[in-house]
Protein chains: 4
Amino acid sequence: MAWPDTSIMAQKGVARGRAGAAYSLTEAAQGKYHYVYGPYAAPVLTVDPGAVIACETHDAFEGRIRHETDSPSAILRFPYLNPQNGPIFVNGAAKGDTLAVLIRAIRPRGPQPAGTTVIMPEFGGLVGTGATALLNPPLPERVKKLHVTAEHGTVWNDRITLPYRPFIGTIGTSPEIEAISSLQPDTHGGNMDLPDVAPDAVIYLPVQTEGALLYLGDCHAAQGDGELCGVAIEHPTVTTVQVDLIKGWPIRWPRLETADAIMTIGSARPMEDAARIAYRELVRWMVADFGFEEIDAYMLLTQCGRVRLGNMVDPKYTLGASVAKTILG
Amino acid sequence: MAWPDTSIMAQKGVARGRAGAAYSLTEAAQGKYHYVYGPYAAPVLTVDPGAVIACETHDAFEGRIRHETDSPSAILRFPYLNPQNGPIFVNGAAKGDTLAVLIRAIRPRGPQPAGTTVIMPEFGGLVGTGATALLNPPLPERVKKLHVTAEHGTVWNDRITLPYRPFIGTIGTSPEIEAISSLQPDTHGGNMDLPDVAPDAVIYLPVQTEGALLYLGDCHAAQGDGELCGVAIEHPTVTTVQVDLIKGWPIRWPRLETADAIMTIGSARPMEDAARIAYRELVRWMVADFGFEEIDAYMLLTQCGRVRLGNMVDPKYTLGASVAKTILG
Amino acid sequence: MAWPDTSIMAQKGVARGRAGAAYSLTEAAQGKYHYVYGPYAAPVLTVDPGAVIACETHDAFEGRIRHETDSPSAILRFPYLNPQNGPIFVNGAAKGDTLAVLIRAIRPRGPQPAGTTVIMPEFGGLVGTGATALLNPPLPERVKKLHVTAEHGTVWNDRITLPYRPFIGTIGTSPEIEAISSLQPDTHGGNMDLPDVAPDAVIYLPVQTEGALLYLGDCHAAQGDGELCGVAIEHPTVTTVQVDLIKGWPIRWPRLETADAIMTIGSARPMEDAARIAYRELVRWMVADFGFEEIDAYMLLTQCGRVRLGNMVDPKYTLGASVAKTILG
Amino acid sequence: MAWPDTSIMAQKGVARGRAGAAYSLTEAAQGKYHYVYGPYAAPVLTVDPGAVIACETHDAFEGRIRHETDSPSAILRFPYLNPQNGPIFVNGAAKGDTLAVLIRAIRPRGPQPAGTTVIMPEFGGLVGTGATALLNPPLPERVKKLHVTAEHGTVWNDRITLPYRPFIGTIGTSPEIEAISSLQPDTHGGNMDLPDVAPDAVIYLPVQTEGALLYLGDCHAAQGDGELCGVAIEHPTVTTVQVDLIKGWPIRWPRLETADAIMTIGSARPMEDAARIAYRELVRWMVADFGFEEIDAYMLLTQCGRVRLGNMVDPKYTLGASVAKTILG
């Protein structure tokens with residue numbers, strides 16, 4: 001038995017965590033990709049809970065950066081960045097429900113070099129930006145094109161190869177009335193850039209609109225904590241997810257479950273607010289579903305909570321707080 | 001001659017800062033009010049540069065909080081807060097242009113007590129919030145209904161009356177593809193809550209879409225720096241603005257001009273980033289239009305720049321940085 | 001009658017706000033200047049409440065930057081920056097008391113050009129620093145030497161002259177056991193760089209040690225809000241203060257009183273925390289001494305509180321929150 | 001061969017990483033414990049590089065919280081918190097050198113229950129504090145006394161036992177002229193509360209004064225990332241460290257080395273500045289000592305850097321950034 005059979009998704013989901021109909025959201029089927037998470041685009045696909053969907057995702061640059069001599073600032077046209085598949089309408093989903101998404105697989109696709117990372121002006125964790133607005137001169141632009149396979153990982157240079165540790169950089173549901181840039185994370189999910197959103201994990205997302213309207217894209221072949229320069233190993237993929245729907249279990253921020261732990265995810269600036277959100281959600285979850293008293297959960301997480309920094313570069317920083325299932329009993 | 005005749009709007013505007021056709025955007029004409037700034041709503045009015053528009057604005061609660069015994073958390077339905085007039089389509093406006101809006105008058109309207117301020121859970125500058133997420137118990141809710149007239153101001157209690165110092169709390173143009181909550185300020189303007197956006201000032205707003213799509217609402221009868229508890233003296237008004245259009249003078253963030261000073265406006269978290277944005281924009285403006293060398297402007301603002309804190313409560317904090325026109329020469 | 005005769009200092013002070021013995025703390029009398037605020041240095045002067053002390057202050061660079069061709073980074077020896085006069089032992093002062101300091105006069109001294117401002121690497125509000133640690137290249141160093149007189153102000157260039165608006169950049173008492181860099185502001189006062197600490201104001205400082213141990217220095221001839229590049233118009237002065245001692249009126253952070261307003265001063269990072277501290281202290285002061293109910297004070301300051309940004313460049317940012325005395329009744 | 005034989009300490013240290021004379025800093029030998037890190041206290045011990053020192057540390061409350069019915073706010077006397085052993089004078093150490101400290105062992109001492117954790121007013125990651133100053137009511141105080149042994153760990157309750165994962169919460173050298181509260185972390189080390197400062201790790205600390213003046217204390221039996229409520233499993237210990245001295249290898253912030261990785265440690269507010277400091281130091285270290293080009297190190301850490309959150313509760317937040325030695329070549 002695989003662990004997802006004991007997941008919250010399996011326990012509470014309309015489809016009981018079982019796989020249903022299979023769909024393929026190819027580039028052709030997707031047609032136009034999206035740059036906002038919102039309720040204003042027509043669904044590209046309508047499915048029942050249980051559906052398994054294989055999505056052909058683009059990289060965050062929609063494949064436009066092809067050579068190491070390219071200039072990202074000349075090529076990229078803000079705000080048309082970070083193209084997303086979807087929206088996928090899930091039958092039965094309504095405001096107040098929770099969408100469960102099991103990530104089944106992520107595989108690189110397309111010609112080599114499939115991986116791209118870049119230095120762009122005014123973007124990144126160790127440079128002045130549009131928000132941390134400074135007068136210092138920018139770093140020079142730089143593009144690195146990288147050979148990426150699932151088998152051998154990312155070849156950084158002759159000496160260094162990074163194992164293939166793929167995850168979904170951007171995934172979420174539609175806000176109720178806002179259309180939020182796919183560059184931004186928030187309560188709906190979005191551009192969290194959190195490496196835990198990886199194969200064999202289930203992510204739980206709050207539903208704000210009829211049909212939930214799932215979007216996803218921006219898969220990374222590898223990423224360090226914080227996504228320091230702002231650009232991971234971006235690559236096009238076939239990403240396969242299985243959706244389920246949980247009625248009557250509302251959540252305020254995204255949550256994640258793996259075989260070993262539960263995690264809550266906060267996105268905010270400054271970074272301590274992302275940590276506060278994540279940890280407060282975790283305290284509340286332990287109280288609501290695992291029988292803890294609030295102050296005791298707060299004191300206990302002080303001793304055994306874990307933090308994963310997703311990004312320190314997006315419009316809001318993302319951080320996950322987790323606790324081992326062994327602690328939960 | 002009134003000072004606006006020498007404003008940048010008068011110098012650079014398509015209408016040369018002269019008043020054109022007059023419009024009245026009554027409640028009936030407005031019909032449905034809006035809760036996002038975005039390109040997805042049909043214009044309620046289409047005008048030429050120079051148009052003078054009298055808008056019947058609602059208060060931020062759309063008039064729903066009527067008595068001091070009301071419970072805001074029971075009455076208000078997030079995200080349907082902070083209703084906005086508009087969008088107003090300005091003929092000729094295109095991405096890269098700047099919209100100039102002269103605020104001609106703000107007058108209270110409606111029955112007394114016309115003013116409302118409240119304490120709501122998880123909102124305000126001196127309490128834990130959804131972002132600064134804490135475990136402390138909330139403050140009790142409280143509603144204060146206040147008599148507000150242009151002549152006598154706001155009667156706080158038997159002893160204290162606050163002079164009528166009205167301004168527009170929320171004003172802006174549409175983002176290109178996002179639909180941003182009317183509770184949030186950003187590059188497009190929005191919920192800046194900056195008291196300088198007052199009668200006799202001109203605010204300059206970046207145009208991101210065809211027609212600019214001007215929205216406004218949320219007028220305050222008085223407000224201190226920072227809008228500490230999150231709710232100023234909210235009141236319904238007739239707010240009269242004159243729009244003009246500046247071609248070929250692109251701006252990145254809102255700017256403001258009065259008889260005596262120019263101001264740049266930044267919105268971000270943490271608050272120092274709002275200050276950095278505002279001051280960097282001011283340095284760049286002094287360089288681009290007033291003949292200063294960059295480092296000299298930076299050093300000079302160190303000696304004579306002025307800062308106004310708009311809000312310390314919204315999803316992004318807003319701060320204006322200004323310099324006296326006497327310094328500009 | 002001058003306003004200080006009605007000040008809190010006059011009402012509560014041991015010396016009733018009346019001037020006592022006069023002292024002159026010349027460079028020779030001072031001898032060694034200090035670079036930390038702490039209890040480990042011997043007092044340079046011991047006085048009774050009421051004492052009037054004329055201090056010969058150095059500029060923040062101790063006069064070492066003499067020419068516009070000087071290199072600050074080559075000349076300055078961190079942490080030996082921002083030299084302070086003192087410590088002055090005030091008889092009768094004990095932990096839990098409050099020291100009141102009326103600023104009577106600030107006059108420039110020394111040869112012209114008396115004023116200095118500079119751009120230094122890794123320091124300032126619009127550049128990467130040691131804390132906001134970035135990879136961008138620094139701005140070039142720059143020194144500006146300026147003619148400063150009390151009569152004509154600071155001559156910036158042929159066209160711009162800034163009026164003489166002197167204030168004390170750094171003033172405070174000793175912490176109980178810490179020795180805090182004179183570059184840093186905190187509960188004890190220190191490097192607040194707040195322009196309101198000017199002639200005709202009274203600043204109130206918490207006493208943490210026997211004798212209070214007053215230090216001061218770092219006077220500025222002019223400064224904008226935030227002290228943007230980190231260096232105001234630094235100049236050597238004769239600064240005359242009158243001290244008084246308030247028993248049984250403990251304060252947690254510095255406070256300030258002028259003829260028209262009371263102000264509380266917070267220093268913290270991020271900047272919103274400085275604002276929170278200042279405003280919470282102001283709420284508490286209104287409750288403790290002016291008969292307000294806490295929530296009412298919070299709501300009222302929302303409508304009429306004022307904020308002054310001192311610095312956005314020091315190890316903690318400083319911000320003052322104030323309310324007009326007319327509001328206090 | 002144990003890994004420290006290949007450490008930087010072994011390669012560069014005056015004592016070549018070899019153990020020298022053994023000392024025992026018992027409670028009696030220590031006498032008075034210290035509450036600031038500074039140059040104003042006489043050394044309690046003078047040693048040569050290589051010295052192995054077994055320190056009897058107190059818990060952060062100096063053992064004063066004995067029962068679960070105790071009130072921390074009534075018992076504790078700020079600023080006399082977090083007592084430290086030392087200072088230890090290391091012969092030959094001078095400003096610009098680096099002190100290497102190999103943590104050899106940490107063992108609980110004293111009667112059971114040896115462990116203490118508490119909730120205190122105005123302190124912790126999910127409550128308003130003296131800096132994030134709010135009007136919300138505080139949480140109730142709470143004390144938990146816990147049975148702690150090296151063999152069985154910390155018994156939280158009948159169901160949950162936390163493994164013994166001891167580390168040094170507070171360790172550092174003396175600043176040059178400041179005396180910094182033992183509650184605060186900074187460039188000198190101090191109250192970092194970083195779980196990696198554990199047995200079998202080497203911490204490198206910048207030397208600012210003659211003799212380095214090493215202090216340490218505040219050992220934790222277990223702690224989660226961020227030390228959420230502000231108080232880990234505090235316990236008295238015998239902590240054994242081996243010191244070495246590296247000449248001519250100056251560092252700006254603490255660094256750490258384990259068998260598998262190198263780490264740099266930053267402390268600042270807001271939290272993103274702690275991350276920026278840590279990652280910039282790591283980039284610079286990779287450039288200086290491991291042959292990387294700066295931009296390449298920046299891009300590579302984006303893909304494989306790791307972040308550990310030490311504390312989100314102290315006057316500055318602490319965060320470590322690390323990279324695997326396999327990447328360094």
Side-chain angles (χ1 to χ4, degrees), chain A residues 117-119 124-127 132 139-140 142 144 146 154 156-157 159-160 162-163 220-233 269-276 279-280 283 294-296 298-309 312-313 317 319 321-323 326-327 329, chain D residues 117-119 124-127 132 139-140 142 144 146 154 156-157 159-160 162 165 220-233 269-276 279-280 283 294-296 298-309 312-313 317 319 321-323 326-327 329:
Chain A
T117 185
V118 315
I119 300 285
L126 293 185
V127 296
T132 303
L139 296 183
R142 182 168 318 182
K144 234 172 134 74
L146 301 142
T154 300
W156 187 261
N157 59 26
R159 196 174 59 71
I160 301 171
L162 306 167
H220 298 169
Q223 188 198 293
D225 296 345
E227 200 185 17
L228 189 61
C229 83
V231 185
I233 307 294
R269 289 193 179 197
M271 197 186 285
E272 52 265 38
D273 273 359
R276 286 163 173 154
Y279 261 132
R280 183 169 80 168
V283 167
E294 184 179 274
I295 300 284
D296 194 59
Y298 179 38
M299 293 178 93
L300 179 55
L301 287 174
T302 304
Q303 318 314 334
C304 64
R306 291 289 166 254
V307 161
R308 184 76 177 272
L309 179 62
M312 53 182 280
V313 294
Y317 306 132
L319 189 147
S322 64
V323 65
T326 52
I327 293 288
Chain D
T117 185
V118 314
I119 300 286
L126 292 185
V127 296
T132 303
L139 295 183
R142 183 166 316 181
K144 236 172 134 74
L146 301 143
T154 300
W156 186 261
N157 59 27
R159 195 174 60 69
I160 300 171
L162 306 167
R165 294 283 180 268
H220 298 169
Q223 188 199 292
D225 296 346
E227 200 187 16
L228 188 61
C229 83
V231 185
I233 308 294
R269 288 194 179 198
M271 197 185 286
E272 52 265 36
D273 273 359
R276 287 163 173 153
Y279 261 132
R280 184 169 79 169
V283 167
E294 183 179 273
I295 300 286
D296 194 59
Y298 179 39
M299 295 178 93
L300 179 56
L301 287 174
T302 304
Q303 318 313 334
C304 64
R306 291 289 167 253
V307 161
R308 184 75 176 272
L309 180 61
M312 54 183 279
V313 294
Y317 306 133
L319 190 148
S322 64
V323 65
T326 52
I327 293 289

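Lettering of chains follows the sequences in order, A, B, ..., and the numbering in each one begins at 1. Treat the numbers as computed from the prediction; the structure is a model and nothing was measured.
Heavy-atom distances place the side chain of D:Tyr317, and not its backbone, under 4.5 Å from chain A. Contact annotation for A:Asp296: both backbone and side-chain heavy atoms come within less than 4.5 Å of a heavy atom of chain D. Proximity to chain D is absent for every atom of A:Arg269, based on heavy atoms less than 4.5 angstrom apart. With a threshold of 4.5 angstrom between heavy atoms, A:Leu139 approaches chain D through side-chain atoms but not through N, CA, C or O. Of the two parts of A:Leu309, only the side chain, counted from C-beta on, holds a non-hydrogen atom closer than 4.5 Å to a non-hydrogen atom of chain D. Only the backbone of A:Thr326 comes within contact range of chain D, with at least one heavy atom under 4.5 Å from a heavy atom of that chain. Using a 4.5 Å cut-off between heavy atoms, A:Ile327 touches chain D through backbone and side chain atoms alike. For chain D, the nearby part of A:Val231 is the backbone; its heavy atoms alone come within less than 4.5 Å. Of the atoms belonging to D:Arg165, not a single heavy atom falls under 4.5 Å from chain A. Only the backbone of A:Val118 comes within contact range of chain D, with heavy atoms under 4.5 Å apart.
Interface summary for chain A: among D:Glu227, D:Lys144, D:Arg280, D:Arg306, the most heavy-atom pairs under 4.5 angstrom belong to D:Arg306. Contact count against chain D (heavy-atom pairs under 4.5 Å) is highest for A:Glu272 among A:Glu294, A:Arg308, A:Glu272. Counting heavy-atom pairs closer than 4.5 Å to chain D, the top-ranked of the candidates A:Gly226, A:Gly329, A:Ala274 is A:Gly329. Counting heavy-atom pairs closer than 4.5 Å to chain A, the top-ranked of the candidates D:Leu162, D:Ile233, D:Leu319, D:Thr117 is D:Ile233.
No side-chain donor-acceptor contact under 3.5 Å links A:Tyr279 to the backbone of A:Tyr298.
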Going through the checks in order, is the side-chain contact (heavy atoms from CB on, under 4.5 Å) test met by D:Val313 and D:Leu228? CA-CA 7 Å; D:Val313 294; D:Leu228 188 61; over 6 Å; no
Using side-chain contact (heavy atoms from CB on, under 4.5 Å), reason through D:Met271 and A:Met312 one step at a time and then give a plain yes or no. CA-CA 10 Å; D:Met271 197 185 286; A:Met312 53 182 280; over 6 Å; no
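Summarising the geometry of D:Trp156 relative to A:Gln303, their closest heavy-atom pair is CZ3-CG, 3.7 Å, with the distance given to 0.1 Å. Minimum interatomic distance between A:Ala232 and A:Ala222 (heavy atoms only, all atoms of both residues): CB-O, 3.5 Å.
Applying the side chain to side chain donor-acceptor pair (under 3.5 Å) test to D:Gln223 and every residue at least two apart in sequence or in another chain returns D:His220. Residues satisfying the side chain to side chain contact (heavy atoms under 4.5 Å, CB included) criterion with A:Arg142, sequence neighbours excluded, are A:Ile119, D:Glu293, D:Ile295, D:Met299.
Between D:Thr302 atom OG1 and A:Leu126 atom CG the span is 8.0 Å, to the nearest 0.5 Å. The structure places SG of D:Cys229 at 10.5 Å from CG of A:Leu300, a figure rounded to the nearest 0.5 Å.
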